[in-house]
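Just so it is clear: chains get the letters A, B, ... in the order the sequence lines come, proteins before strands, and each one is counted from 1.
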Amino acid sequence: MAEDERLVKKIAAKSEDFSRWYLEIIRRAELADYAPMKGMMVIRPDGYSIWENIQRLLDGRIKDSGHVNAYFPLFIPESFLRKEMEHLKGFAPEVAWVTHGGQEELEERLAVRPTSEAVIGSMYAKWIHSYRDLPVLINQWANIVRWEKVTRPFLRTTEFLWQEGHTAHETFDQAQDETIKILYLYKEFVESELAIPVVEGRKTPREKFAGAMETYAIEALMSDGKALQMGTSHNLGQHFSKVFDIRFEDREQKRQYVWQTSWGVSTRLIGALVMTHGDDSGLRFPPQVAPVQIVIVPISIGNWKENVLPVAVSVEKDLRRAGWRVRLDAREEFTPGWKFSEWEMRGVPLRIEIGPRDVKENRAVLVRRDVRKKDSVDLGELISRVKGTLREIQASLFDQALRFQRENTRTVSDYDEFKEVIESKRGFISCGWCGDESCEARIKEETMATVRVIPLKRDREDIGPCVCCRKPGRESALFARAY
RNA sequence: CGGGGAGUAGCGCAGCCUGGUUAGCGCACAGCGUUCGGGACGCUGGGGUCGGGGGUUCGAAUCCCCCCUCCCCGACCA
């Protein structure tokens, strides 16, 4: 974007320094701020408002699919975690421990939950006795602590918010169905509400959740060409049920271990919104989750308080009654032009300008944030036009992101081409893989790219030879450098 | 956790190397006036334990040591 077209010049240009842009826009747009403790952030009202929208829209889907919410403790006794060594090993380096209550040293350390499989498993053992108790379909909205070494606002913070579903079933097949059902629930949610296209697939053994039989994930491509894991769904098999002794009497009156799943998405999704849709002028939020969907800017000129403001106030009231999140910016200390830039920077999808000329003609100007197109509409049809325009913006943001994802997903046939693409273009690379961990490790070592997923849906049935060792390919894998 | 960089008014920075008036600039902020259809202008004004602690010195933003926080690049992760 040419310098004179850049309306917001106070932050780094996204196209020039993506990572600096990301950090600056989050603070300038007041989504979050650094807290004085390492790796911790404060989610400010606009950032939290997005989270509330995510919660509302996702929680509805989770409940509609038969799940219920509950809440489990923040602390987990060390002995509970120790019961499951493979799981513990996966998390050991990033567990925060509570050692004292007041002045007294605790007899047993308490882990601050890095995830809740252990506590929830211990409770399920008490609650589940018969096949009649199954399935158990519970979700919780909670905070999680993981002592990460490298942190970035929203993408990886020491404490973060998420939802974690934990289910228990009679059979492997039921658990597998649940795992896949949730994967697609996430995909549908992320694509239709966050307007972010994702690829759904299976994780390699190396990348899967510690303690899971299979991990599935949705992956998105950020606009700097790096991949971001947007959500995971695990088939836990009987791993935890054996450790925590979660058994039930089946239909043949035999004692069986339950089959479990767990799945989650986190406040990382907010970072994904920023990185997927933002541009050189700042944020661009999809209307479905935007903190403010419509901002009304009265053109303060002449005796606008008598002529223009009352119209703006009444428009605000109408839009609010129609159910939208509206903000009327009638502040006198800023010029209209300043407000235009400010609200664009903050990502408000639709702006309505009302000035003396419009009032005279009983009209208003609609300005789309995504394409900056201006449109004069009759006040009589404002509500319907707003409705249509917001829908168009939601669709257009998704389309733009999808086009980017497609343009940056490349099929390569040999390793040299793989290296060249990763180095110069980034993006997703689709290619054959022998399934051998040594090839996966070598590729990571040499290119910093990892298998993001083995997509569940493939364009073609034939799998090329392994991009690394040339042996016959067992999988068609999607590689990328990732956050 | 390793390598590199940084922390001075709300934000962005200068000053530090070579210690010495009252620590400075731009933006932001406050008051008044003129303005207002894409980040207006003039005048006046307020705001600082120089990240924190210790040390050296007659004297420290400046020199030395420790700690905290952030950024970038590498090893581990939603």
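Within the nucleic acid shown, A:Met230 has no heavy atom closer than 4.0 Å to any nucleic acid atom. Within 4.0 Å (heavy atoms only), A:Ile144 reaches no atom of the nucleic acid at all. Nucleic acid contact for A:Thr115: none, since no nucleic acid atom lies under 4.0 Å from a heavy atom of the residue. Within 4.0 Å of A:Tyr34, counting heavy atoms only, lie sugar-phosphate atoms of the nucleic acid but no base atom. When heavy atoms are screened at a 4.0 angstrom cut-off, A:Val367 is found touching base atoms of the nucleic acid. Base contact: A:Val150 has a heavy atom under 4.0 Å from a base atom. Nucleic acid contact for A:Glu353: base, since at least one base atom lies under 4.0 Å from a heavy atom of the residue. Here A:Thr157 lies in heavy-atom contact (under 4.0 Å) with a base. The residue A:Gly264 sits apart from the nucleic acid: no heavy atom pair falls under 4.0 Å.
Across the strands present, B:A40 finds its partner in B:U34; the criterion is a Watson-Crick or G-U wobble pair with both atom distances under 3.5 angstrom. Pairing of B:C29, defined by two Watson-Crick or G-U wobble distances under 3.5 Å, is identified with B:G45.
Atom name P, nucleotides B:C13 and B:U18: the rounded distance is 25 Å, in whole Å. Comparing B:G7 with B:G51, their P atoms are spaced 8 Å from each other, to the whole Å. Of the C1' atoms belonging to B:A40 and B:G59, the separation is 47 Å, rounded to the nearest Å. With C1' as the reference atom, B:G48 and B:U35 are 33 Å apart, rounded to whole Å. Across B:G3 and B:U56, the matching P atoms stand 30 Å from one another, rounded to whole Å.
Note that A:Arg351 lies in the cation-pi zone of A:Phe340, set by a 6.0 Å cut-off to the ring centre and a 45° limit from the axis. Geometric assessment of A:Lys339 against the ring of A:Phe334 yields a negative cation-pi assignment under the 6.0 Å and 45° thresholds.
Nucleotide B:C11 holds its P atom 17 Å from the CD1 atom of A:Ile25, rounded to whole Å. Rounded to a whole Å, the CG atom of A:Leu58 is 18 Å from the P atom of B:A78. Put simply, CE on A:Met448 is 8 Å from C1' on B:G74, counting in whole angstrom units. In this structure, A:Met40 atom CE and B:C68 atom P are separated by 15 Å, rounded to whole Å. Distance CZ (A:Arg27) to P (B:C11): 8 Å, rounded to an integer number of Å.
Side-chain nitrogen and oxygen atoms of A:Lys444 include at least one within less than 4.0 Å of the OP1 or OP2 phosphate oxygen of B:C76. For A:Arg152 and B:C72, the shortest distance from a side-chain N or O to OP1 or OP2 is below 4.0 Å.
With centroids closer than 5.5 Å and planes inclined by less than 30 degrees as the test, A:Trp338 and the base of B:G38 fail to qualify as a stacked pair.
Not a single donor-acceptor pair, N or O on each side, falls under 3.5 Å between the base of B:G2 and the side chain of A:Lys149. Donor-acceptor pairing under 3.5 Å, judged by distance alone, is absent between the side chain of A:Thr335 and the base of B:C36.
Between A:Phe80 and A:Phe244, the ring planes lie tilted relative to each other; the angle falls in the 30° to 60° range.
Distance from the side chain of A:Arg372 is smallest for B:G38 among the nucleotides B:C36, B:G38, B:A78. For A:Pro153, the listed nucleotide lying nearest its side chain is B:C71; candidates were B:C71, B:A78, B:C1.
Counted within 6.0 Å of CZ on A:Arg20, heavy atoms from surrounding residues, nucleotides or ligands total 12 or fewer; the atom is thus considered open.
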